[in-house]
Structure formats: structure tokens, C-alpha cells
2 protein chains.
Amino acid sequence: MDEMPALDAMDRAILRLLQRDAGLSLAEIAAEVGLTPTPCWKRIRRMEQAGVILGRVALVDPAKVGLPLSVFVEIESADHSAAWIERFNAALDTMPEVVECWRMGGDVDYLLRVVVPDIASYDAFYRRLVAAVPSLRNVTGRFAMERVKGTTALPI
Amino acid sequence: MDEMPALDAMDRAILRLLQRDAGLSLAEIAAEVGLTPTPCWKRIRRMEQAGVILGRVALVDPAKVGLPLSVFVEIESADHSAAWIERFNAALDTMPEVVECWRMGGDVDYLLRVVVPDIASYDAFYRRLVAAVPSLRNVTGRFAMERVKGTTALPI
DNA sequence: AATGAAATAAGATGCAC
DNA sequence: GTGCATCTTATTTCATT
């Protein structure tokens, strides 16, 4: 996570490729951006150490592993103390079906995305959540019907 | 994308590892799950061909590339014809700042997540969206303050 | 200071058992 | 599923611009 000079156009080109396919060989990346493997490799390593590149992960098809349902959960809390936040975060850590949690501006405090096999599993999750976290004023689950677009690639 | 027998415990263990770090060597994965590299490699290749593993990508820190703001956009349409849907999808394709789009049940038709540098950029996006897509009854942007949790790893 | 060429080390793939 | 041979690719060193 060292300090790092601003990314140039070449760095950005490399990031765009790596965001689409982290399995590309150095030779392929280098050829694509117009460089030889060595400087290309150094740029990638520099961006990894600077934390620009957070990691390389495999993406799995949710339906193919029995998790076809995504539910967005809006949460309003009656308590905004540090203690409550800590308890809420601790609960999230123990719930792997929560794949995203955003603290929001506006009327809703948090927006979660929960990935589950079916509606019954969502209900079970909901009960666990309400049991684990106190002072929940409102919890609203909204069901996704279809993922129309979904990418991990940022518009760089 | 061939047909594939159900995933066994070993397949799932491999997926869990690969979802956390796709850069692990075959030897490391094999040792972790208690196998030798070759069968481990065959399982991975089988899951890739079956589409269980969708790909390997690099994850980039949004703030470090000048994209610190995520906005969730709720969309209600007055038109639900096939023609409208096609036009909407086409518009999404041309908008890389839309990283996610879900078709929802309930009152809201679509929920997007848009990644932008700042509020002004979101406003510019909003104008382009409204100009490109007809029959939008309601478009509400909700700003995320903080990503409390975010993972691409499904609870396998 | 950044790049490129060549040598080395590590790992992935395929085969025989 | 295991162990080994081979072949590709990442990584390092060093010369060059």
C-alpha cells in the first residue's frame, strides 16, 4: 500500500484488461497495450503494492451453486451509537449470505444484498438478523427477479 | 458449458478458495483441500467449462482510480413492452458507469448501481439516461456513504 | 528512470500407472 | 487419484536507451 504516482494511460489500459480477465498472460497483456512483458509486469506489481489492484478472484455463477436468489434489504435503525454500529458490523461478519452492505444517505440507513437459495432461506436469514441486531426500526426485503447487468469492472 | 454432475464437497472447497484468491497455485490449492495438483486441476477445468466458474478478474479499488461514489438508482417505467426493454438494455450497454442492473419485483422496476467520480458526474449520467430512455415514470438516485461490506465470494 | 533481452525459477498441463 | 515428464509462463538480472 505504498505511495504511488498518479496512474497514466498505460496503467489504466492494463487495469481495463485485468478487470475483464485476470488470467491473461503477461505476454498477452504486454502485446495488447504495446509494451514488453517486463515493464508491464513492473507496473502491475506496483499497482498491487499500492492497493490499486485489490486482488484476483474467481467469479462463480450463483444459480449453478444453488444460490439463484438475490434480495436487497433496506434497514432503518433507531440507534446510531458506536456500540450499535459495532454490533451490527459484527453480525454482518457472521453472515456470509450478506455479500454487500452499504451505509446510505437519506431515510434508509443501510442497504444490503443477500444471496440465498430460496425465499424460505431468506426468511430464515431475516429472523437471524432481527434476533442478532437490536433496535431495528424497519427491515424491508426487496426481491430481485433478474440480473440484467452485473460487472466487477469499473469504468476506468 | 457442458452438462455437469452436482458439485461435491471437494469442488465446493476449491470454489471457496478460488473466490478468495484466484492467484493461488495449483499446488497450494491441492494441499489446502487435500489432493494432488492433477485431479484438482481437472476439477477446476471441468467447472470452468460447465460455466460454474465464470472467469477470473482483478478487483480494483474504486477510490484509487478516482471513482469514490456509488449511487443506487431506482427506476420505474411507464412502458413494459419488449421494444422498451430492448432500448433500455441497449442504453445500459453504452453506459460503463452502470456496474449493476437488477430487474426487481414490487413497485420499483429496476435497481442500478452507478459508479462515478462525484455528484456532478452522477447528474451528467442522470441526464444522459433520461435522454436515452423514453417513458421513465420515476428515477430516484440514492447515494451510498460507505461500503461497509463488499465481496464477490458467494456463501458456498 | 524506464525499457527490452536473455537467463532462471516456478508453475501448469498431459501422460503413464 | 498419484507421480512424473514436459512445456509454458512468471520473475529476476542485467544491459540499453
Side-chain angles (χ1 to χ4, degrees), chain A residues 1-61 64-66 151-154 156, chain B residues 1-61 63-67 151-154 156:
Chain A
M1 294 270 186
D2 285 345
E3 204 42 60
M4 173 154 177
L7 304 171
D8 64 14
M10 194 69 80
D11 287 328
R12 291 170 182 275
I14 293 171
L15 286 179
R16 279 193 294 273
L17 288 172
L18 250 26
Q19 280 194 131
R20 282 201 288 114
D21 185 356
L24 292 169
S25 76
L26 264 184
E28 289 169 313
I29 298 166
E32 197 80 41
V33 302
L35 237 67
T36 50
T38 306
C40 196
W41 178 80
K42 284 182 180 170
R43 282 169 182 269
I44 292 169
R45 199 168 58 93
R46 193 165 49 89
M47 291 193 285
E48 272 167 349
Q49 288 176 346
V52 175
I53 296 173
L54 296 167
R56 293 144 190 266
V57 301
L59 265 22
V60 172
D61 186 328
K64 293 241 166 85
V65 292
T151 178
T152 54
L154 303 174
I156 295 173
Chain B
M1 294 273 184
D2 284 345
E3 203 43 59
M4 172 155 177
L7 304 172
D8 64 14
M10 194 67 81
D11 288 327
R12 289 170 182 275
I14 293 170
L15 286 179
R16 277 192 297 273
L17 288 173
L18 251 25
Q19 281 194 131
R20 283 200 289 112
D21 186 356
L24 292 170
S25 76
L26 229 33
E28 288 169 312
I29 298 166
E32 197 82 41
V33 301
L35 235 66
T36 49
T38 305
C40 198
W41 176 76
K42 283 182 182 169
R43 282 167 182 270
I44 292 170
R45 200 168 60 91
R46 194 166 48 88
M47 290 193 286
E48 272 166 350
Q49 288 176 346
V52 176
I53 295 173
L54 296 168
R56 294 144 189 266
V57 301
L59 263 22
V60 173
D61 185 329
K64 293 241 167 86
V65 292
L67 298 165
T151 179
T152 53
L154 303 174
I156 295 172

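Keep in mind that what you see is a predicted model, and the values were worked out from it rather than measured. Every chain is numbered from 1, with letters handed out A, B, ... down the list of sequences.
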Atom pair distance, as rounded to whole Å: [atom1] in [X] and [atom2] in [N]:
X       : N      : atom1 : atom2 : result
A:Arg46 : D:dT12 : CZ    : P     : 16 Å
B:Leu18 : C:dA12 : CG    : P     : 11 Å
A:Glu28 : D:dA10 : CD    : C1'   : 13 Å
B:Leu26 : D:dG1  : CG    : P     : 13 Å
A:Ile29 : D:dT8  : CD1   : C1'   : 15 Å

- [ ] Could you check which residues of residues 33-42 of chain B get a heavy atom under 4.0 Å from DNA chain C? Sort them by number, please.
- [x]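 Output list: B:Thr38, B:Trp41.
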- [ ] Could you note down all residue pairs passing salt bridge (Lys or Arg N to Asp or Glu O under 4.0 Å) where residues 18-35 of chain A supplies at least one of them, sequence neighbours left out?
- [x] none
Open item on the list: As an exercise, state the distance from OG1 of A:Thr38 to CG of A:Leu26, rounded to the nearest 0.5 Å.
Closed with: 8.5 Å
Task: Between CZ on residue A:Arg46 and CG on residue A:Leu7, distance to nearest 0.5 Å - done: 7.5 Å
Task: Test item: B:Arg56 and B:Leu18 side chains (from C-beta on) under 4.5 Å apart, heavy atoms - done: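 In contact.
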- [ ] Could you tell me whether the side chain of A:Ile44 reaches within less than 4.5 Å of the side chain of A:Ile29, counting heavy atoms only?
- [x]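 Contact flag for A:Ile29/A:Ile44 side chains = yes.
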Open item on the list: At less than 4.0 Å, is any side-chain N or O atom of B:Arg45 found next to OP1 or OP2 of C:dA12? Yes or no.
Closed with: no
- [ ] Indicate whether OP1 or OP2 belonging to C:dT3 is found under 4.0 Å from a side-chain N or O atom of A:Arg43.
- [x]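 It does, given that an N or O in the side chain of A:Arg43 lies less than 4.0 Å from OP1 or OP2 of C:dT3.
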TODO: Give a yes or no answer on whether the side chain of A:Gln19 reaches the backbone of B:Val60 with a donor-acceptor pair at less than 3.5 Å.
DONE: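 Here the side-chain-to-backbone pair does not exist.
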